[in-house]
Amino acid sequence: MFKIIDNNLEEVLLVFLLSLMSVLIGVQIVMRYVVGESLTWSEELARYCFIWATYIGVSYAVKVGAHIRVDAVTNMLPVSTRRYVNLFSYFMFIVFAALVMKEGYALTAKIFSFGQESSALGLPMGYVYMAPTVGFGLVVFRILQKMFEEVQMIRKGDQA
């Protein structure tokens with residue numbers, strides 16, 4: 001069960017959030033131009049789905065190795081050295097992600113303590129502000145997985 005969750009967590013969340021966002025926007029269009037009325041909450045919920053999808057997408061990009069990086073110099077290095085450089089870059093990414101998580105958590109706690117709610121849904125805004133903390137928490141998890149893979153390759157002496 002853990003392997004299924006590990007392999008599909010971000011994909012399932014992204015499909016759900018982006019599908020919900022698309023349906024909400026489509027319903028809003030129909031309501032405005034066909035019915036002549038507007039839903040007061042659909043745009044707000046679609047916006048929050050987009051925010052969460054963005055941060056979950058960061059984790060997904062780490063998982064599949066889709067983040068942009070400059071590797072012109074590292075490609076000139078021997079494979080064994082390249083693996084250590086990759087470990088260092090993963091470590092730096094974890095430091096960045098941890099800072100985002102720390103500040104995101106502080107902001108989320110502050111928003112929850114203020115009791116701020118969204119205008120149309122009445123949803124506590126802390127849930128919206130929690131997206132960077134959760135998303136970058138998943139990033140740290142995925143980077144640790146990548147680092148573990150790199151260490152295994154170094155131990156094997158794999159040159160691929």
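In this structure, CZ on R47 lies 9.5 Å from CG on L121, to the nearest 0.5 angstrom. Here the straight-line distance linking atom CD1 of I94 with atom CG of L144 works out to 4.0 Å at 0.5 Å rounding. In this structure, CE in M92 is found 13.5 Å from CG in L87, a value given to the nearest 0.5 Å. Distance check, rounded to the nearest 0.5 Å: CZ of R83 to CE of M147 gives 13.5 Å. Rounding to the nearest 0.5 Å gives a distance of 14.0 Å between CG of L138 and OH of Y60. Note that the NZ atom of K63 and the CG atom of N7 stand 5.5 Å from one another [nearest 0.5 Å].
Salt bridge annotation for D6-R142: present, with a cationic side-chain nitrogen under 4.0 angstrom from a carboxylate oxygen.
Using a 4.5 Å cut-off on side-chain heavy atoms (C-beta onward), Y48 and M125 make contact. Taking 4.5 Å as the limit, every side-chain heavy atom of L77 sits out of range of all side-chain heavy atoms of Y84. Residues L123 and E117 form no side-chain contact, since every pair of their non-hydrogen atoms from C-beta on lies 4.5 Å or further apart.
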Exercise answer: donor-acceptor pairs, residues 25-34 side-chain atoms, under 3.5 Å, sequence neighbours excluded:
{"unit_1": "Q28", "atom_1": "OE1", "unit_2": "L39", "atom_2": "N", "d": "3.1"}
{"unit_1": "Q28", "atom_1": "OE1", "unit_2": "S42", "atom_2": "OG", "d": "3.0"}
{"unit_1": "Q28", "atom_1": "NE2", "unit_2": "S38", "atom_2": "OG", "d": "2.8"}
{"unit_1": "Q28", "atom_1": "NE2", "unit_2": "E43", "atom_2": "OE2", "d": "3.1"}
{"unit_1": "R32", "atom_1": "NH2", "unit_2": "E43", "atom_2": "OE2", "d": "2.2"}

Per-pair distances, 0.1 Å, donor-acceptor, side chain in residues 98-111, under 3.5 Å, sequence neighbours excluded:
{"unit_1": "T108", "atom_1": "OG1", "unit_2": "G104", "atom_2": "O", "d": "2.7"}
{"unit_1": "T108", "atom_1": "OG1", "unit_2": "Y129", "atom_2": "O", "d": "2.9"}

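Here F112 and Y127 bring their ring centres to under 6.0 angstrom of each other.
A distance-only check finds no donor-acceptor pair linking the side chain of K146 to the backbone of N86 [under 3.5 Å]. The main-chain N or O of A120 is found under 3.5 Å from a side-chain atom of E44 such that the two form a donor-acceptor pair. Proximity of a side-chain donor or acceptor of R82 to a complementary backbone N or O of T74 within less than 3.5 Å is detected.
Here the closest non-hydrogen pair linking L24 and A46 is CD1-N, 3.8 Å. For L17 against A53, the heavy-atom pair with the smallest separation is CD1-N, 3.7 Å. Across every non-hydrogen atom of G135 and S59, the tightest pair is O-CB, 4.0 Å.
Among the candidates L9, L14, V15, N8, the single residue satisfying the side chain to side chain contact (heavy atoms under 4.5 Å, CB included) test with V12 is N8.
Cluster annotation: V134 and L20 are assigned to the same hydrophobic cluster (Ile/Leu/Val/Met/Phe/Trp/Tyr, side-chain heavy-atom contacts under 4.5 Å, transitive). Linking Ile, Leu, Val, Met, Phe, Trp and Tyr whenever their side-chain heavy atoms come within less than 4.5 Å leaves V73 and F88 in two separate clusters. Neither Y55 nor F50 shares a network with the other; the hydrophobic side chains, linked directly or stepwise wherever heavy atoms of I, L, V, M, F, W or Y lie under 4.5 Å apart, form separate groups for each. When hydrophobic clusters are built by joining Ile, Leu, Val, Met, Phe, Trp and Tyr residues whose side-chain heavy atoms come closer than 4.5 Å, directly or via intermediates, I143 is not grouped with V85. Connection of M21 to V128 is not established within any shared hydrophobic cluster, with ILVMFWY side chains joined at heavy-atom distances below 4.5 Å, either directly or through further cluster members.
The stretch residues 130-157 participates, sequence neighbours left out, in these ring pair (Phe, Tyr, Trp, His ring centres under 6.0 Å) pairs: F96-F136.
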